Amino acid sequence: MPLYKGIYDITIVKMNSMKRIYMDHAATTPLAPEVLEAMIPYFTDYYGNASSLHSFGREAKEALEDARIKIARLINAEPSEIFFTSGGTESDNLALKGIARRNRKKGNHIITSSIEHPAILEVCKVLAKQGFEVTYLPVTKEGLVELTTLESAIRKDTILISIMHANNEIGTIQPLNEIGGIAKERNINFHSDAVQTVGKIPVDVKSIGVDALSISGHKLYGPKGIGVLFVRKGVKIESIQQGGGHENGLRSGTENIPGIVGLGRAAELARNTMLDESKRLTALRDHLKDFVLNRIEESWLNGHPTKRLPNNLNFGFKYIEGESLLLYLDALGIAASTGSACSSKKLSASHVLTAIGLQPEYSHGSLRITLGQSNTLDDVDLAGQAIEQSVIRLRKMSALGPR
Ligand SMILES: *Cc1c(COP(=O)(O)O)cnc(C)c1O
């Protein structure tokens with residue numbers, strides 16, 4: 001059974017070494033050891049409430065402000081423009097609801113893209129029910145928002161543009177500086193979900209001219225359940241939850257000091273290592289891309305060939321169902337992701353793959369590999385072999401496939 005031998009060999013290697021290879025860093029990243037180390041004292045010794053006036057409170061407050069400075073530095077913001085939230089989802093909710101509602105007297109039109117994260121798209125649905133009008137910009141087949149399309153969507157009553165920096169599925173990086181320029185020229189608030197870029201590629205809020213920008217801790221080797229919304233000084237935004245008036249009144253709730261300290265440390269580490277790490281990951285990414293595309297027939301890369309995240313690959317394989325491929329890879333110790341989800345009745349393609357124009361037969365066999373700090377050249381080679389073997393095996397069994 002030569003067909004199965006390859007996959008069998010890999011399985012044995014994996015089981016003997018008990019090594020699993022994590023290649024799903026767009027879903028979440030492991031906590032950096034330095035981050036954990038920085039956080040621990042804030043669970044054990046420095047547990048004060050940052051609002052308290054005693055020394056315990058002052059210690060917490062000091063750590064809070066120190067983290068604010070570190071995050072501001074990473075994105076070239078002022079510390080007073082950094083607001084802590086519970087993560088990327090909350091930051092997106094706060095930005096969209098907070099800016100839309102506060103600026104409602106000026107207009108009720110919002111522009112976003114059709115490939116945003118659900119944390120944007122689902123909020124837009126709610127806002128639409130509350131009387132806002134939302135335009136969803138189409139994208140090119142590489143996943144880019146076109147500036148001319150954006151410009152022609154702008155109306156007199158447009159109050160907010162929200163375009164993500166890089167897409168979490170296909171990795172395409174949008175021309176944020178140009179979008180920021182257009183928004184500024186028309187005096188429209190501009191928000192960007194930069195959860196996938198902050199810590200991976202340089203993000204400079206001043207040069208982009210962005211008014212609000214979302215960050216999530218667990219996407220940059222920080223903890224889960226902590227995030228940041230950058231809000232440029234002077235931007236009109238209202239809070240979406242009421243309480244004790246923390247975070248300058250924008251986000252009430254006792255601050256998650258260990259999480260905040262962790263995110264601050266993660267931001268500091270990212271700032272120091274980002275350039276070298278992104279070069280390393282780009283080389284690994286391209287190595288794996290070449291292997292897969294050269295070895296597997298009827299395979300292709302979704303997303304933009306060059307304007308893409310250094311760690312992202314999104315492959316398409318004809319005659320394959322993405323979830324089956326994931327399970328095969330998982331059995332070989334490789335953790336990845338797919339854009340196709342098999343619900344009970346129908347195969348549903350990701351909204352992103354649909355938006356870049358893939359027909360169902362081309363979007364069902366998608367595989368997202370997102371590399372990270374732990375991945376080596378050996379890992380990438382093993383992943384390439386595992387993908388090749390799995391695709392061959394699945395195609396042999398496939399009802400869709402060539403016989
Ligand atoms: C992960 C992610 C989010 C959500 O962040 P959480 O911290 O998990 O809530 C939002 N947008 C993008 C692009 C993401 O990748």
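When a residue number appears, it is its place in the shown sequence, counting from 1. Each ligand, and each atom within it, is numbered from 1 in the order the structure gives. Here the structure is a predicted model, which means the values were calculated and not measured.
- Remark: aromatic rings of Trp300 and Phe317 are distant, center separation not under 6.0 Å.
- Aromatic rings of Tyr47 and Phe56 (six-membered ring for Trp) have centroids within the 6.0 Å cut-off, being under it.
- For the pair Arg104 and Phe132, the cation-pi criterion (under 6.0 Å, within 45° of the ring axis) is fulfilled.
- Between Asp276 and Arg280 there is no salt bridge, since no side-chain nitrogen of the basic residue lies less than 4.0 Å from a carboxylate oxygen of the acidic one.
- Annotation: side chain of His351 is in contact with side chain of Glu169 (closest heavy-atom distance under 4.5 Å).
- His364 contributes no side-chain N or O that, together with a main-chain N or O of Glu321, makes up a donor-acceptor pair within less than 3.5 Å.
- Every protein residue with a heavy atom nearer than 4.0 Å to ligand 1 is included here: Gly87, Gly88, Thr89, Asp92, His117, Met164, Asn168, Asp193, Val195, Gln196, Ser216, His218, Lys219.
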